[in-house]
Amino acid sequence: MPFQYQQPYASARLPLFARNVVATSHPLAVQAGLRMLWQGGNAVDAAVAAAAAMAVCEPTGNGLGSDAFCILWDGGTLHGLNASGRAPQAWTPGYFHRKYGEGARTPPQHGIDAVTVPGAVSAWVALSERFGRLPFADLMAPAAEIAERGYAVPVVVQRKWAAAVPGLQAQPGFAQSFMPWGRAPQVGELFRFPAAARALRAIGATRGEAFYSGEIAEALARFAAQQGGALTLADLAAHRAEWVAPIARDYRGFTVHEIPPSGQGIAALMALGILEQFDLASLPVDGTQAQHLQIEAMKLAFADTYRYVAEPSSMEVTPAQMLDGAYLAARAKLIDMHRAQDFGAGRPTSGGTIYLTAADEDGMMVSFIQSNYQGFGSGCVEPGFGISLQNRGFGFSTDPRGANPANLVAPGKRPFHTIIPAFVTQHGQPVMSFGVMGANLQPQGHVQTLVRMLDHGQNPQAACDAPRWRFNQGLAVNAEASMPLATQQGLAALGHELTVVDDPYGEFGAGQFIWRLGDAKTQGYVAASDPRRDGQAAGF
C-alpha cells in the first residue's frame with residue numbers, strides 16, 4: 001500500500017525501516033529482543049525476551065504475574081494464543097458475598113481476591129516451545145540481568161509509579177518490592193529488583209515449570225493463603241495456555257484479526273464492519289464527520305460487547321452472530337450524522353498493559369500483549385520472587401442479575417479481558433502486526449489507527465502520532481488537546497459531551513506497529529512506536 005510519508009502531526013519520530021524489527025515502550029526491552037535476533041533467534045525469541053524485560057522495566061503495567069495474548073504469523077499460517085488465567089476453584093458469587101457483603105457486584109479491585117491464575121509465563125513457554133530457536137533460558141537472561149543491575153526509571157513510568165503508591169502501599173509485598181526508599185523512585189533513580197531476577201532465572205532453567213508447579217508456585221500458594229486468598233497450588237498447576245483461531249473481519253480489502261472472546265477484540269471488528277458502510281476516505285481525515293462516525297460505530301460495538309462477551313462457553317450469542325454482515329449493516333443505519341447518541345445493545349441472531357511486536361527477515365511476525373490489567377494490578381507482590389500479581393478477577397461479575405450474566409464468576413472460568421493484540425493480512429498474506437494499550441481504549445485505538453492507514457493512506461508513524469479520542473460512556477468522549485479546534489467544536493455541536501485532556505499517556509494509550517513492505521528479506525518492514533509512552537522501535 002502506498003503511504004504518505006510527510007509527517008502531519010507534532011512528533012519528532014520518523015518511521016523505522018529494517019528487515020528485523022522489535023518495537024516496545026521501553027528501550028531496554030527493545031535491546032533484549034534485538035540481542036536474541038543477533039544471536040540467531042527469530043521474532044518469537046525476540047518477543048519473549050522483550051516481554052520478560054518489560055515485566056521488569058515497566059512494572060506499572062505488567063509483571064511476572066500478568067496475563068498475555070498473542071497473534072503470530074509463522075511464515076505460512078496465523079496462530080492465536082490465549083494465556084489468560086482462570087478463577088481459583090473456590091471462587092463463586094457466594095464466596096465474594098460472604099467476604100464482602102451481599103451488595104458486592106464484582107470481586108475487589110485490589111488485594112488477593114482480585115487475582116486469577118497468572119498466565120504470562122505460560123505464554124512465553126508456549127511460544128518458545130512451538131516456534132522459538134534459542135534455549136529458553138537464554139530468553140530470560142537479558143531481563144534477569146536488567147533486574148540484577150537495575151535501570152534508571154524513565155519519566156512516564158515514574159509518573160505512573162508515583163500515582164499508584166498512595167492506593168497500593170498497604171497491599172502485601174508492595175512496599176517491600178516497589179518502595180525501596182519508602183517512596184516511589186525518582187526519575188532517573190536506579191531501581192534494582194533482585195527478587196524478580198531470581199524468579200526469571202528459575203523460570204528459564206525449568207522452562208516455566210518452577211512458576212506453575214515448582215518453587216515459585218509453592219511460594220505463590222503460600223503467599224495467597226497468608227493473605228486469606230483462594231489461589232492454590234492446584235489452581236496454578238492446572239493452568240495451560242491455549243492455542244486459538246483468531247476471529248477476523250474484512251475491511252477495505254484487508255482482513256483484520258483479533259483474539260476471540262473473552263477479550264474485547266471483537267469490538268474493533270464490529271466497529272470496522274459498521275464503518276465499512278460509509279465512505280470515510282471521502283471525508284477529511286481529522287474532520288468532524290470522520291471522527292463522529294468512528295465514535296458512534298465504537299459506541300454501537302461496545303454496547304454489544306459489554307452485554308454479550310464473556311468466556312465463550314457462557315455466551316448466549318456467538319462471535320459469528322455478532323460479526324454478521326447483515327447485523328452490522330443494520331446497526332450502521334442507527335447512526336445519525338447530525339447528532340450523537342447513547343446506544344443500547346442490539347440482539348444478534350443466527351445468520352495498565354504493555355504491547356510489543358517483533359518481525360524477522362524470514363517473515364515471522366509477532367503481535368504480543370501482556371498486562372496486570374490496572375497499573376500494578378492487585379498491588380499484591382510475592383516478595384521472595386517479586387511476582388506482582390494482576391487484578392483480572394475484578395473483570396468478573398458477582399451479580400447474577402447484572403448487565404452481562406454470561407460474565408458471572410465461577411470456578412475455573414476466565415473473566416472478560418481488555419488486552420487485545422491484533423494483526424492484518426491481505427489475500428492470506430501477512431501485512432501488519434500491531435496493538436494499542438490502554439483498557440477500553442484498545443479497540444478504539446485499533447479502529448482509529450486502521451482507518452487512518454487503510455482509508456486515508458497515512459503511514460504507521462503518522463497514524464500513531466495523530467490525535468485520538470476515547471469514548472467513555474453515554475455521550476462522554478475525551479479528546480486529546482492536539483485535536484483540531486474546529487473538530488472539537490464540531491463534535492460538541494453534534495451533542496458529544498467532549499472533554500479535552502492534555503494528558504495523552506493517561507487517557508489515550510500507546511501502540512506499536514510493524515507493516516510488511518513486501519519480501520521480508522529484500523524489502524523488510526516499516527515500523528512505528530508511540531511517543532505517548534516513549535515507545536521505541538529498532539532493527540537491522
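Nothing fancy with the numbering, it's 1 onward along the sequence. All heavy atoms count here, side chains included; hydrogens, waters and symmetry mates do not.
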What is the minimum heavy-atom distance between [X] and [Y], and which atoms define it?
X: Val115; Y: Gln390; value: CG2-O, 3.4 Å
X: Ser482; Y: Pro467; value: OG-CB, 3.4 Å
X: Asp67; Y: Ala83; value: OD1-O, 3.9 Å
X: Met298; Y: Val447; value: SD-CG2, 4.0 Å
X: Ala87; Y: Ala410; value: CB-O, 3.4 Å
X: Ala55; Y: Leu64; value: CB-N, 4.0 Å

Between [X] and [Y], is any pair of side-chain heavy atoms under 4.5 Å apart?
X: Phe434; Y: Val424; value: yes
X: Gln442; Y: Ile419; value: yes
X: Ser262; Y: Pro415; value: no
X: His79; Y: Leu72; value: yes
X: Arg470; Y: Val477; value: no
X: Pro319; Y: Gln321; value: no
X: Phe96; Y: Arg105; value: no
X: Phe223; Y: Cys380; value: yes

Determine yes or no for a side-chain-to-main-chain donor-acceptor pair under 3.5 angstrom, with [X] supplying the side chain and [Y] the backbone.
X: Arg240; Y: Ala237; answer: yes
X: Glu242; Y: Leu81; answer: no
X: Thr24; Y: Leu356; answer: no
X: Gln448; Y: Gln444; answer: yes
X: Ser177; Y: Gly173; answer: yes
X: Thr305; Y: Val309; answer: no
X: Arg201; Y: Ala199; answer: no
X: Asp304; Y: Gly346; answer: yes
X: Lys413; Y: Leu408; answer: yes
X: Asn62; Y: Ser371; answer: no

Would you say [Y] and [X] are linked by a side-chain donor-acceptor pair, where the criterion is simply a distance under 3.5 Å?
X: Gln109; Y: Gln374; value: yes
X: Tyr308; Y: Asn407; value: no
X: Glu258; Y: His446; value: yes
X: Ser433; Y: Ser367; value: no
X: Ser84; Y: Asn82; value: yes

Testing [options] one by one against [X] for a side-chain contact (heavy atoms from CB on, under 4.5 Å), which residue passes?
X: Tyr95; options: Val409, Asp113, Thr398; value: Asp113
X: Met322; options: Leu269, Leu328, Ile266; value: Ile266
X: Ile112; options: Leu389, Leu231, Asn391; value: Leu389
X: Ile259; options: Ile420, Ile369, Ile247, Val244; value: Val244

Is the count of non-hydrogen atoms from other residues, nucleotides or ligands lying under 6.0 Å from Glu209 atom CD greater than 12?
->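 At most 12 heavy atoms, drawn from other residues, nucleotides or ligands, come within 6.0 Å of this atom.
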Should we count CD of Gln473 as having more than 12 external heavy atoms under 6.0 Å?
->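 Check fails, neighbour count at 12 or below.
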Should Arg331 and Glu296 be marked as a salt bridge (charged side-chain N to carboxylate O under 4.0 Å, His left out) after you check the CA-CA gap, both sets of side-chain angles, and the distance that decides it?
-> CA-CA 10 Å; Arg331 297 289 273 169; Glu296 297 297 280; over 6 Å; no
Using the ring of each side chain (for Trp, its six-membered ring), is Tyr373 parallel, tilted or perpendicular to Phe394, with breaks at 30° and 60°?
->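 Tilted: the ring planes of Tyr373 and Phe394 meet at 30° to 60°.
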Would you call the rings of His239 and Tyr212 parallel, tilted or perpendicular, where under 30° means parallel and over 60° means perpendicular?
->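 Ring orientation, 0 to 90° scale: parallel.
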Show your working on side-chain contact (heavy atoms from CB on, under 4.5 Å) between Phe69 and His417 and close with a plain yes or no.
-> CA-CA 10 Å; Phe69 296 86; His417 257 269; 3.5 Å; yes
From CA spacing to verdict: side chain to side chain donor-acceptor pair (under 3.5 Å), Asn372, Arg392 = CA-CA 7 Å; Asn372 285 338; Arg392 280 293 165 188; over 6 Å; no
Would you check if the distance from the ring center of Phe178 to the ring center of Phe376 is below 6.0 Å?
->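 Under 6.0 Å, so yes.
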Do the ring centers of Phe211 and Trp124 come within less than 6.0 Å of each other?
->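 Ring centres of Trp124 and Phe211 not closer than 6.0 Å.
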Working to the nearest 0.5 Å, report the span between [atom1] of [X] and [atom2] of [Y].
X: Asp502; Y: Glu480; atom1: CG; atom2: CD; answer: 9.0 Å
X: Leu78; Y: Phe423; atom1: CG; atom2: CZ; answer: 5.5 Å
X: Ile354; Y: Gln370; atom1: CD1; atom2: CD; answer: 4.5 Å

Ring pair (Phe, Tyr, Trp, His ring centres under 6.0 Å), paired with Trp161, selected from Trp181, Phe174, Phe191 =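 The ring pair (Phe, Tyr, Trp, His ring centres under 6.0 Å) with Trp161 is passed solely by Phe191 among Trp181, Phe174, Phe191.
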Report the C-alpha distance between Glu311 and Phe416 in whole Å, list the side-chain angles of each, state the deciding distance to 0.1 Å, and finish with yes or no for side-chain contact (heavy atoms from CB on, under 4.5 Å).
-> CA-CA 7 Å; Glu311 179 80 356; Phe416 178 85; over 6 Å; no
Arg86 to Trp91 six-membered ring, cation-pi geometry met (6.0 Å, 45°) |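 Not satisfied by the 6.0 Å and 45° rule.
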Does the ring of Phe508 carry Arg468 above it, NZ/CZ under 6.0 angstrom from centre and within 45° of its axis?
->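 Not flagged: Arg468 not positioned over aromatic ring of Phe508.
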Could you go through the salt bridge (charged side-chain N to carboxylate O under 4.0 Å, His left out) check for Arg533 and Glu58 one step at a time?
-> CA-CA 11 Å; Arg533 202 146 162 181; Glu58 201 167 307; 2.3 Å; yes
For Phe302 and Gln264, run side-chain contact (heavy atoms from CB on, under 4.5 Å): C-alpha distance rounded to whole Å, both residues' side-chain angles, the deciding distance at 0.1 Å, then the answer.
-> CA-CA 9 Å; Phe302 271 140; Gln264 65 175 339; 3.5 Å; yes
Working for side chain to side chain donor-acceptor pair (under 3.5 Å), residues Ser529 and Gln536 = CA-CA 6 Å; Ser529 197; Gln536 305 287 320; over 6 Å; no
Give the intermediate values and the outcome of side-chain contact (heavy atoms from CB on, under 4.5 Å) for residues Tyr355 and Val436.
-> CA-CA 7 Å; Tyr355 174 81; Val436 180; over 6 Å; no
